[in-house]
Amino acid sequence: MPESLVDDVATGAALGPVEPGSGPRPGRGRELRRVLRFLLRRPGLSASVLVVVLVVLAAFRPGPFTSQDPLHGVSSQNFRGAGGAHWFGTDEPGRDVFSRVVHGAQLSLKATLIAVGRHPAPAPLFGVAGGGPGR
């Protein structure tokens, strides 16, 4: 590369003068607008993200999503179909199935996070050991 070109690129002379206010504006507002525009152009992705967020919220805070006790059943309400009072219906002892699913998701998600969070170091080693040989 010619020496003058290297000097021009290093000093910015090849690009012309740069004014202080002409660069991209720093700030999270612009980045947030870009992310929102990305999500609005993909309604399927937005709906999927919303469902995942609601499931995680329901798993960690089941109270706002169900007011039924998952362990208490009313024997006169056994084997009821899905409806306004019981979204997923009831089981044999008359317990609300939706509340059992929500509270069960809480236990499952917490157990998964504990299992993954407790031993994160060996995971990359297992991945390298499993994918590395034979290539």
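Just so it is clear, the structure is predicted and the values come from calculations on it, not from any experiment. Along the sequence shown, the residues carry numbers beginning at 1.
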message: In the structure I gave you, are the side-chain heavy atoms of Arg41 and Arg37 within less than 4.5 Å of one another anywhere?
response: yes
message: Test of understanding: clusters of I, L, V, M, F, W, Y form through side-chain heavy atoms closer than 4.5 Å, transitively. Do Val56 and Phe65 belong to the same one?
response: no
Ser99 side-chain N/O to Thr66 backbone N/O, donor-acceptor pair under 3.5 Å: no
query: Linking I/L/V/M/F/W/Y whenever their side-chain heavy atoms sit closer than 4.5 Å, directly or via other members, would Val55 and Leu50 fall into one cluster?
result: no
Short side-chain to backbone donor-acceptor contact, Thr90 and Arg80, under 3.5 Å: yes
message: I need the Leu40 CG to Leu45 CG distance, nearest 0.5 Å.
response: 10.5 Å
message: Looking at every heavy atom in both Arg42 and Phe38, which two are closest together, and how far apart are they?
response: NH1-CD1, 3.0 Å
field: Considering all heavy atoms, the nearest Ala59-Pro62 contact
entry: O-CD, 4.2 Å
message: I'd like to know if Val53 and Leu39 are part of one continuous hydrophobic network [Ile/Leu/Val/Met/Phe/Trp/Tyr, side-chain heavy atoms within less than 4.5 Å].
response: yes
- request: Determine the minimum heavy-atom distance between Phe60 and Leu113, stating which atoms define it.
  value: CZ-CD1, 3.4 Å
message: Using a 3.5 Å distance criterion without hydrogens, assess whether the side chain of Arg100 forms a donor-acceptor pair with backbone atoms of Asp96.
response: no
field: Audit row: Gln106, Lys110, side chain to side chain contact (heavy atoms under 4.5 Å, CB included) steps and yes/no
entry: CA-CA 6 Å; Gln106 177 184 24; Lys110 285 183 179 178; 3.3 Å; yes
message: Tell me if a side-chain donor or acceptor on Arg95 pairs with a main-chain N or O of His72 at a distance below 3.5 Å.
response: no
field: Derivation and outcome, side chain to side chain contact (heavy atoms under 4.5 Å, CB included), residues Phe88 and Val102
entry: CA-CA 11 Å; Phe88 291 178; Val102 170; over 6 Å; no
